[in-house]
Amino acid sequence: MPELPEVETTRRGLMPHVTGHTIKQIIVRNAKLRWPIPTTLDMLAQQQTVQNLSRRGKYILVHLNAGTIIIHLGMSGSLRILDSSTPAGVHDHIDIVLQNNFCIRMRDPRRFGAVLWAEGDPFNHPLLVNLGVEPLTDDFSGDYLYALSRHRRSAIKSFIMDSHHVVGVGNIYANEALFHAGIHPELAAGKISRARYAKLAFAIRTTLEKAIIAGGSSLRDFVGSDGAAGYFQQQYFVYGRTDLTCHTCGQLIRHLRQNQRSTFYCASCQKK
DNA sequence: ACATCTACCTGGAGGC
DNA sequence: TGCCTCCAGGTAGATG
């Protein structure tokens, strides 16, 4: 599942093949993603040169002179660089074809992803304007989480997964970061001390950073071979490890549901 | 203002 | 073998 580390790894993988190249054409085979791909996208992007590729949360931004293509991979999306003559599979919904006849091809079996156009400053786009802080910047800290969480009754896991607070923390990394911080996922966000938030912010940051490093070394090349870019398999401490032993204390990892999402934790390492 | 729920979609796993 | 049900996931938008 593309969480922030996968999105960042994708961005870094695509960057050298795309920056400075000019878009020849955009081919939309299936516009029905989470929101319809704008019918004007081809017209808007044609002959535009890619200035830069950036990321905000889990959104990849393709910066052009006239505007920005905003891409979200949803939960099953992937991007690859392919020769545009490569036959498209059933779930290959859109190609951004470059003048050199390579293309960025988006595959998204579950179609939770999105490809949109932003005029002007893309950070003012409705999808981006209300996003919280980036977890890998200096703005993100234990003090930030502490201040934001006062008097909040929602569970800490829901709190850190809310992109209005901090972006890029999906279910996997929320579980993992809470384990590393020793915080029980059901604890009310407003009842957590400043000191524990410092540990949590550190855990979120380092868990994401380690995954980006692991992704950079293990992810197969973004260019060439057909098929979706394989997302890297991490060694998880709690995620998906129900009834397996905790690597730290040997107790069995427990499973519960919060907001229709699976939560995994070690009751001995993660205290209320 | 905040908290919780629903909807979107499809492939894969497990049960019968 | 085939059908059915459930689950996974991000997150905007609706609802409480």
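Here is how names work: the chains are called A, B, and so on, in the same order as the sequence lines, proteins then strands, and each is numbered from 1.
Formation of a donor-acceptor pair under 3.5 Å by the A:Y197 side chain with backbone atoms of A:A189 is found in this model.
Here A:Y59 lies in heavy-atom contact (under 4.0 Å) with sugar-phosphate atoms only. Across all strands shown, A:R152 has heavy atoms under 4.0 Å from sugar-phosphate atoms exclusively, and none from any base. A:S262 comes within 4.0 angstrom of sugar-phosphate atoms only, judged by non-hydrogen atoms across all strands, and of no base. Counting non-hydrogen atoms under 4.0 angstrom, A:R34 reaches a base of the nucleic acid.
Atom CG of A:D162 and atom P of B:dC5 are 15 Å apart (whole Å). Rounded to an integer number of Å, the gap from CG of A:N259 to P of C:dA12 is 15 Å. At whole-Å resolution of the value, CG in A:L127 and P in C:dG10 are 16 Å apart. At whole-Å resolution of the value, CZ in A:R110 and P in C:dT11 are 15 Å apart. The distance between atom CD1 of A:I156 and atom P of B:dA3, rounded to the nearest whole Å, is 11 Å. Counting to the nearest Å, the P atom of C:dT11 and the CG atom of A:L116 are 13 Å from each other. For the pair A:Q258 CD and B:dA3 C1', the computed distance is 14 Å after rounding to whole Å.
When each of B:dT4, C:dA12, C:dT11 is scored by its nearest atom to the side-chain atoms of A:S154, the top-ranked nucleotide is B:dT4. Each of C:dG10, B:dC9, C:dA12 was ranked by its minimum atom distance to the side chain of A:H164; first place goes to C:dA12. With C:dA8, B:dC9, B:dC5 as the choices, the nucleotide that has an atom nearest any side-chain atom of A:Q260 turns out to be B:dC5. Checked against C:dA8, B:dC8, C:dA12, the side chain of A:F112 finds its nearest nucleotide in B:dC8. Proximity note for A:K58 (side chain, C-beta onward) versus C:dA12, C:dG10, B:dC5: the nearest is C:dG10.
Considering only heavy atoms from C-beta on, A:H17 stays 4.5 Å or farther from A:F102 through its side chain.
Considering only side-chain N and O atoms, A:H91 lies under 4.0 angstrom from the phosphate OP1 or OP2 of B:dG11. Here A:H72 reaches the OP1 or OP2 of C:dT11: one of its side-chain N or O atoms lies under 4.0 Å away.
Closest approach of A:F159 to A:H165, counting heavy atoms only: O-ND1, 2.8 Å.
Within 6.0 Å of CZ on A:R29 lie more than 12 heavy atoms contributed by other residues, nucleotides or ligands.
There is no side-chain donor-acceptor pair under 3.5 Å between A:N52 and A:S54.
Both A:P109 and A:F159 lie near DNA chain B, and the one whose nearest nucleotide falls closer to the 5' end is A:F159.
Judged by atom type and distance alone, A:R261 reaches the base of C:dT11 through a side-chain donor-acceptor pair under 3.5 Å.
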